[in-house]
Every structure is written in C-alpha cells, then in structure tokens.
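Working notes, structure below.
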Number of protein chains: 2
Amino acid sequence: MTDRTENQQAARRSDATRATILAAARERFATDGYEKATIRAIARDARIDPSMVMRYYGNKAGLFAAAVAIGPDLPGLAVEPREEIGRAMARHFLALWEENEELTALMRVGVTEPHAAERMQSVLREQLIPLARRIGPDPDQAQARAALCASAVLGLALTRYVLRFPASVALRPEEIVDWLGPTLQRYLTAPTP
Amino acid sequence: MTDRTENQQAARRSDATRATILAAARERFATDGYEKATIRAIARDARIDPSMVMRYYGNKAGLFAAAVAIGPDLPGLAVEPREEIGRAMARHFLALWEENEELTALMRVGVTEPHAAERMQSVLREQLIPLARRIGPDPDQAQARAALCASAVLGLALTRYVLRFPASVALRPEEIVDWLGPTLQRYLTAPTP
DNA sequence: GGCGTTGGCCAACGCTTGTTGGCAAACGTA
DNA sequence: TACGTTTGCCAACAAGCGTTGGCCAACGCC
C-alpha cells in the first residue's frame with residue numbers, strides 16, 4: 001500500500017480493466033443467469049484472461065457481488081402526497097429498471113441463487129414493508145400490502161425485462177405508469193376488500 | 001413392439017421407474033432450475049442409474065420436456081359473468097399453481113432457458129390475449145391488457161413460489177383472490193386510465 | 001539506470017457435467 | 001426349458017467448469 005487516506009482507494013493502473021470486467025459480467029449475468037454466465041465467457045467479452053477475473057474479484061461469487069453491488073433505494077417516496085404514491089412508485093421503479101441492467105441480473109440470478117434472492121427480499125423487508133406500515137390504513141396489514149406491491153412490480157419486471165414477452169415489451173412507459181400506478185395505490189392505501 | 005393399437009402405448013414393465021424419474025425431475029427442476037438440476041441428482045433421487053434417464057428420455061432437454069408436458073388451460077373462463085372474471089381468473093391460477101409443481105419448474109427454468117420461456121409465452125399469446133380481445137372494451141388494447149394480467153399473475157407466482165418471500169408465502173388464498181381479482185378485473189375491463 | 005511492484009497471459013489442476021456402450025440379470029413367451 | 005427382449009448397473013469418455021501458480025513484460029520510484 002502506498003500512502004493514502006483510509007476511506008479512499010488508490011487509483012490503480014488496472015482500474016480500466018476492472019471496469020471492463022464488471023461491465024461484461026453485468027451483461028452476461030443479466031442475459032444468461034448465474035450458471036451459464038461463465039467466467040471464461042465474461043473474460044472473453046472483456047478481452048482478458050480468465051485468471052485476471054479471479055485475481056481482481058477472488059471468485060465467481062465475489063464477481064457477482066461486485067457486479068450487482070447497487071441497492072435499489074426508494075428515496076423520498078415518503079414525501080409524495082398520499083394519493084400520488086402509487087404512480088410515483090411505478091415511475092420510480094420503471095426508471096430504475098430501464099437504466100440499471102444489474103437489476104435484471106439480480107432478478108435472473110435470484111431465481112436460482114438463494115443469496116441473490118435474499119438481496120431482493122431485503123428491499124421488500126427494509127423499505128417496502130416500512131413504507132406500507134407508515135402509509136397504509138392498518139399496520140398489521142403492512143406485510144401483505146407490501147408483498148402485493150412487490151409482486152406487481154416484479155411481475156412487470158419479469159415479463160418485460162427477463163422473459164421479454166413481446167406484449168409486455170411493447171408497453172409504453174406512460175402506459176405502464178397509468179395502469180400499474182393505481183394498482184400499487186390500491187394495494188397500499190385501499191381498505192381491505 | 002408387440003401388437004397393440006396405434007394410439008395406445010403398451011404397458012411397459014418400466015412404467016413405474018419412468019414415473020419415479022419424472023417425479024424426481026419435476027421436483028428438482030422446480031427447486032433448483034435447469035442447470036443445477038443435474039441428471040445425476042435426479043437419478044439419485046429416483047434411486048436409479050443416470051444412464052436410465054438417458055435411455056428413457058433421450059437427453060436432458062427431453063427429460064425436461066416430459067417433466068413439464070402439461071399446458072395450463074384457461075377453461076370455461078369465458079362463461080363467467082363479465083364482472084366476475086377477475087376473481088375467477090385469480091382463483092383459477094391460484095389453484096393451478098398450488099397443485100402443479102411443474103408450473104414452478106417451468107417458471108424457474110424459463111428465466112434462463114428460452115425454450116421454456118416460449119412455452120410460457122404461448123399461454124399468454126394463445127389464451128390470455130384472445131380472452132382480452134373478447135372481453136375487453138377495445139380489441140386494439142388486448143395485447144396490453146393481457147400483458148398486464150400476465151405480469152400480475154406471474155409476479156405473484158414469482159414472489160410466492162419461486163423466490164418464496166415470507167410476506168408473500170404468508171398470504172392466505174382468499175386474501176390473494178380478494179386483492180388480485182380486482183386488479184385483473186380492472187386490467188381486463190376498466191376503461192383506459 | 002536498477003529494482004521492486006503491478007498487470008497480464010499461459011498452462012495446467014481437479015472436478016463435475018451430459019452422454020455412451022457393454023454386460024449381467026430378470027422377464028415373458030413358446 | 002430355451003431364447004429374444006427388456007431393465008438395470010458399471011465404467012468410461014470428452015468437454016467444460018472454477019481455480020491456481022508460475023512466468024514475462026511494463027511500469028514507477030530511488
């Protein structure tokens with residue numbers, strides 16, 4: 001180690017290569033899933049030797065962890081007016097998914113890798129359920145309401161970004177917000193049916 | 001071949017083994033996905049030699065095809081009263097998923113295997129879209145409305161049967177019908193928002 | 001300019017996978 | 001009882017996987 005402050009990584013000569021590997025890994029994981037996204041294939045995409053991947057990320061699990069390191073946050077959703085929260089949430093998730101392919105990767109991998117599934121669940125547990133508790137009519141129903149919201153959002157992500165059903169891919173973003181927004185709104189705030 | 005009619009398979013001494021293999025395969029595919037469900041593991045579950053699987057089902061793809069051979073049908077949904085179709089659909093899908101683990105298998109595998117994804121899509125294409133065309137207010141919107149229904153149903157299946165989020169597993173069946181039914185009803189019949 | 005450090009490649013390892021072919025026992029029929 | 005067929009197991013194969021260690025060249029500091 002050379003001299004540098006504690007919280008700051010030294011700029012390494014290999015940073016460009018590291019980034020290339022990470023980008024290739026994200027793409028492969030997102031399109032192929034965990035098993036089919038082999039280190040060799042990722043290395044080939046990055047025009048690098050497979051052993052470099054090991055040197056920089058330890059092992060395949062470490063590479064995946066680094067590739068999907070971001071955590072989707074529900075930011076100031078709490079400040080939205082209560083009757084607009086459904087649409088705001090739909091818009092937010094849509095934007096998130098359209099621009100971050102690591103979410104597609106996380107989803108495709110989570111279906112077979114419990115560790116990735118747990119990462120997805122943590123979003124539900126730590127963000128969606130508390131939100132439902134704050135905003136919903138009955139705190140005891142927060143779990144159920146949050147679970148329904150998760151299923152609505154992830155269902156759309158599944159058909160649109162993972163399975164790529166043409167009918168789902170063809171939906172325009174505004175169209176999605178117009179339909180999904182009221183669903184989320186109802187799941188969060190409507191009285192028990 | 002011994003003498004028998006054309007459309008009827010002869011009863012073979014190995015039918016029990018074949019069934020055992022198929023059951024083990026369904027379970028493994030449903031819980032592990034395509035890659036992690038190895039022929040060796042399936043054979044071990046069925047207490048049989050791996051080579052038997054090959055002899056009876058040709059190869060791994062053939063085994064999977066045989067294991068998920070059922071096609072989910074939307075039966076007399078058309079005869080339901082128009083304002084009850086959402087709840088009927090929710091009930092129908094729920095029952096289907098609770099008792100057929102091949103649907104879970106198809107879903108978990110479809111995420112990584114295009115062939116299985118196409119099988120899922122065919123249900124949307126050949127059953128859900130025609131239904132939406134018949135029942136919806138505007139035939140031109142049938143694709144979009146059917147895609148939204150698929151995302152709602154598959155989203156619940158994803159969180160409940162595949163990812164097994166505790167909050168989703170905890171939902172009681174009647175609760176699901178009460179919440180999901182109106183969503184499907186709206187996706188199918190409500191005027192464009 | 002010399003020398004430790006870093007970046008990169010090559011070759012190989014141990015292991016698991018799907019898949020194959022041959023051999024032995026059990027069976028059904030005549 | 002004799003014989004062809006079916007059922008099952010064993011051993012092995014080639015290929016692909018994640019992973020390792022050693023070697024060489026390029027770099028950066030003194």
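Letters A, B, ... mirror the listed sequences (proteins, then strands); counts begin at 1.
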Legend entry - Any residue meeting side chain to side chain contact (heavy atoms under 4.5 Å, CB included) with A:Ala88, in chain and number order, not counting sequence neighbours: A:Leu77, A:Glu80
Got a list of protein N/O to nucleotides 28-30 of chain D N/O distances below 3.5 Å?
none

Inset, instruction - Could you note down all residue pairs passing salt bridge (charged side-chain N to carboxylate O under 4.0 Å, His left out) where residues 84-101 of chain A supplies at least one of them, sequence neighbours left out? - result: A:Arg87-A:Asp178, A:Glu98-A:Arg160
Legend entry - Interatomic distance where CD1 belongs to B:Ile48 and P belongs to D:dT6 [whole Å]: 18 Å
Inset, instruction - Pick base, sugar-phosphate or nothing for A:Tyr56, based on heavy-atom distances below 4.0 Å to the nucleic acid. - result: sugar-phosphate
Inset, instruction - Using atom CZ of B:Arg12 as one end and atom P of D:dT7 as the other, report the distance to the nearest whole Å. - result: 8 Å
Inset, instruction - Look up atom CD in A:Glu175 and atom CG in B:Leu148, then write down how far apart they are to the nearest 0.5 Å. - result: 7.5 Å
Inset, instruction - Taking atom types as modelled, find out whether A:Thr20 and A:Arg47 have a side-chain donor-acceptor pair closer than 3.5 angstrom. - result: no
Legend entry - Separation of C:dT17 P from B:Leu63 CG (nearest whole Å): 15 Å
Inset, instruction - Under the salt bridge (charged side-chain N to carboxylate O under 4.0 Å, His left out) rule, collect the residues that match up with A:Arg55, sequence neighbours excluded. - result: none
Inset, instruction - Would you sort out whether A:Met107 and A:Thr104 count as a side-chain contact (heavy atoms from CB on, under 4.5 Å), showing the intermediate values? - result: CA-CA 5 Å; A:Met107 182 130 168; A:Thr104 304; 5.7 Å; no
Inset, instruction - Quantify the bending of the helix from C:dG1-D:dC30 to C:dA30-D:dT1 as the angle between its end axes, each fitted on five pairs, to 10°. - result: 10°
Inset, instruction - Would you mind reading off the distance between A:Met52 atom CE and C:dC9 atom P, rounded to a whole angstrom? - result: 7 Å
Inset, instruction - Rounded to the nearest 0.5 Å, what's the gap from CZ on B:Phe165 to CG on A:Leu128? Could you check? - result: 10.0 Å
Inset, instruction - Would you give the length of the straight line joining atom CD of A:Gln185 to atom CZ of A:Arg82, rounded to the nearest 0.5 angstrom? - result: 7.5 Å
Legend entry - Backbone N/O of A:Glu102 and side chain of A:Asn100: donor-acceptor pair under 3.5 Å: no
Inset, instruction - May I have the step-by-step check of side-chain contact (heavy atoms from CB on, under 4.5 Å) for B:Arg145 and B:Thr192, ending in yes or no? - result: CA-CA 10 Å; B:Arg145 290 174 181 272; B:Thr192 313; 4.1 Å; yes
Please write out the pairs of protein N or O atoms and N or O atoms of nucleotides 15-20 of chain D separated by less than 3.5 Å, giving the distance to one decimal.
{"from": "D:dG18", "atom 1": "OP1", "to": "A:Ile39", "atom 2": "N", "distance (Å)": "3.3"}
{"from": "D:dG18", "atom 1": "OP1", "to": "A:Lys60", "atom 2": "NZ", "distance (Å)": "3.0"}
{"from": "D:dG18", "atom 1": "OP2", "to": "A:Ile39", "atom 2": "N", "distance (Å)": "3.1"}
{"from": "D:dG18", "atom 1": "N7", "to": "A:Arg40", "atom 2": "NH1", "distance (Å)": "2.5"}
{"from": "D:dG18", "atom 1": "O6", "to": "A:Arg40", "atom 2": "NH2", "distance (Å)": "3.1"}
{"from": "D:dT19", "atom 1": "OP2", "to": "A:Lys60", "atom 2": "N", "distance (Å)": "2.9"}

Legend entry - Rounded distance [0.5 Å steps], OH in A:Tyr34 versus CD in B:Glu35: 13.0 Å
